[in-house]
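Counting begins at 1 with the first residue of the sequence. First listed ligand is number 1; within each ligand, the first listed atom is number 1. In this text the structure is predicted, and so the values were computed from the model without any measurement.
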Amino acid sequence: MNELMLSSYSAGLDSHLKGYGIFLSDAQRMTLLEHLMLVFDKNREMNLTRIDTMEHGLILHILDSLLLLPCLDHLGYKHENYFVDLGTGAGFPGIPLAIATGMSGLLIDSVGKKAHAVEGFIHTLSLSGQLSAKGIRAEDLARRKAGAFDYVSARAVAELPVLVEYASPLLRKSGCLVSAKANIQDNELEAADKTAYLCGMKRVSREIFELPDGLGHREVIAYRKTARACVELPRKNGMAKHRPLF
Ligand code: SAM
């Protein structure tokens with residue numbers, strides 16, 4: 001892509017982000033665009049995303065990932081915090097969040113090939129000092145790194161009650177799960193709140209954002225770890241999804 005097109009996408013991204021009160025430097029926006037182009041490139045070899053235009057990618061990958069940012073701001077994140085992005089896929093929202101916040105993080109996906117691709121993106125974007133990627137399930141990570149994270153991020157990974165159960169053993173006390181999803185039904189939210197109670201967590205915020213260009217809306221929901229879980233976590237792999245607590 002030539003420089004003129006790149007700077008026009010960067011300006012477009014800037015104006016989208018400003019609409020949500022998100023202000024990033026030119027260098028940050030260029031790195032975000034570079035990530036998106038790497039994803040599109042890799043998508044020719046393996047199935048990483050159904051989105052295939054820069055215009056939609058700007059909104060549905062970059063902006064959508066960064067909609068977690070206002071929530072992280074309210075929760076008082078610090079750039080020295082450590083986060084894990086569960087079910088990162090092609091690195092969303094983990095890579096954009098790391099670029100925007102400066103936080104260090106671990107990006108995991110249960111599909112090893114995806115984690116390997118993300119490792120390549122991290123290297124190419126010169127983010128290796130800040131981020132790493134691993135092919136591992138959330139439940140297995142919790143067995144190895146219990147309480148190691150200040151934040152757990154997740155977009156479009158699982159039903160909210162499942163995410164709450166995955167996040168609880170990974171978070172340190174007062175750490176937060178910050179998740180983005182479309183169309184959360186009342187019964188899903190109710191089940192997530194009840195699950196949170198058993199998992200020592202409490203819902204602390206819920207925000208709804210309209211995406212530009214009629215591309216739908218997103219809900220960003222956060223839960224804070226407030227106490228020890230009343231159930232032993234993590235349960236066996238797959239249990240959170242196939243036998244939810246509620
Ligand atoms: N978060 C990315 C995004 O928003 O573009 C990818 C979303 S994709 C629909 C869900 C991803 O979660 C898949 O790549 C899948 O392999 C991963 N996943 C599902 N369950 C998981 C688990 N228990 N642990 C780790 N990754 C998981």
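- Aromatic ring centres of F149 and F83 lie farther apart than the 6.0 Å criterion allows.
- Each of the following atoms of ligand 1 lies closer than 4.0 Å to a heavy atom of R137: 23 (N), 24 (N), 25 (C).
- Counting only N and O atoms by type, the side chains of D85 and S153 include a donor and acceptor under 3.5 Å apart.
- When hydrogens are left out, the protein atom nearest atom 24 (N) of ligand 1 is A138 N, 2.9 Å; that is the closest non-hydrogen contact.
- Nearest residue to atom 4 (O) of ligand 1 from H61, K114, R155, R50 is R155 (criterion: closest heavy atom).
- At a 4.0 Å cut-off, at least one heavy atom of I136 sits close enough to ligand 1 to count as contact.
- Counting atoms of ligand 1 from 1 in the listed order, those under 4.0 Å from a heavy atom of V157 are 12 (O).
- Looking only at heavy atoms of the protein, atom 27 (C) of ligand 1 is closest to S110 OG, 3.3 Å.
- The list of side-chain hydrogen bond (donor to acceptor under 3.5 Å, both in side chains) pairs with a residue in residues 206-217, not counting sequence neighbours, reads R206-E219.
- Close contacts between ligand 1 and G89 involve ligand atoms 6 (C), 14 (O) [criterion: under 4.0 Å to a heavy atom].
- Taking every non-hydrogen atom of V111 and a distance limit under 4.0 Å, the qualifying atoms of ligand 1 come out as 16 (O).
- The protein heavy-atom contact nearest to atom 2 (C) of ligand 1 is F92 O, 3.2 Å.
- Applying the 4.0 Å criterion to heavy atoms of E139 picks out, from ligand 1, the atoms 23 (N).
- A156 counts as a contact of ligand 1, since one of its heavy atoms falls under 4.0 Å from the ligand.
- For ligand 1 and Y166, the ligand atoms under 4.0 Å from any heavy atom of the residue are 23 (N).
- Salt bridge status for R143 with E139: absent, with no side-chain N to carboxylate O gap under 4.0 Å.
- Side-chain contact between V118 and I122 is present, with heavy atoms from C-beta onward closer than 4.5 Å.
- Partners of I22 by side-chain contact (heavy atoms from CB on, under 4.5 Å), not counting sequence neighbours, listed by chain and number: L17, Y20, L24, L66, L69, P70.
- Contacts between T88 and ligand 1, counted as non-hydrogen atom pairs separated by less than 4.0 Å, involve the backbone only.
- Under 4.0 Å is where a charged nitrogen must lie from a carboxylate oxygen, and between D140 and R144 no such pair does.
- With no hydrogens or angles considered, no side-chain donor-acceptor pair links H56 and R50 at under 3.5 Å.
- Of the protein's non-hydrogen atoms, the one nearest atom 15 (C) of ligand 1 is D109 OD1, 3.5 Å.
- Taking only nitrogen or oxygen atoms, main chain and side chain alike, G87 reaches within less than 3.5 Å of ligand 1.
- Ligand 1 has no atom lying under 4.0 Å from any heavy atom of K241.
- A donor-acceptor contact closer than 3.5 angstrom is absent between the side chains of R137 and S110.
- Of the polar atoms of I108, none of the N or O atoms is found under 3.5 Å from an N or O of ligand 1, judged by distance alone.
- The neighbour count for D186 CG, taken as heavy atoms of other residues, nucleotides or ligands under 6.0 Å away, does not exceed 12.
- Heavy-atom neighbours of E80 CD from other residues, nucleotides or ligands within 6.0 Å: above the threshold of 12.
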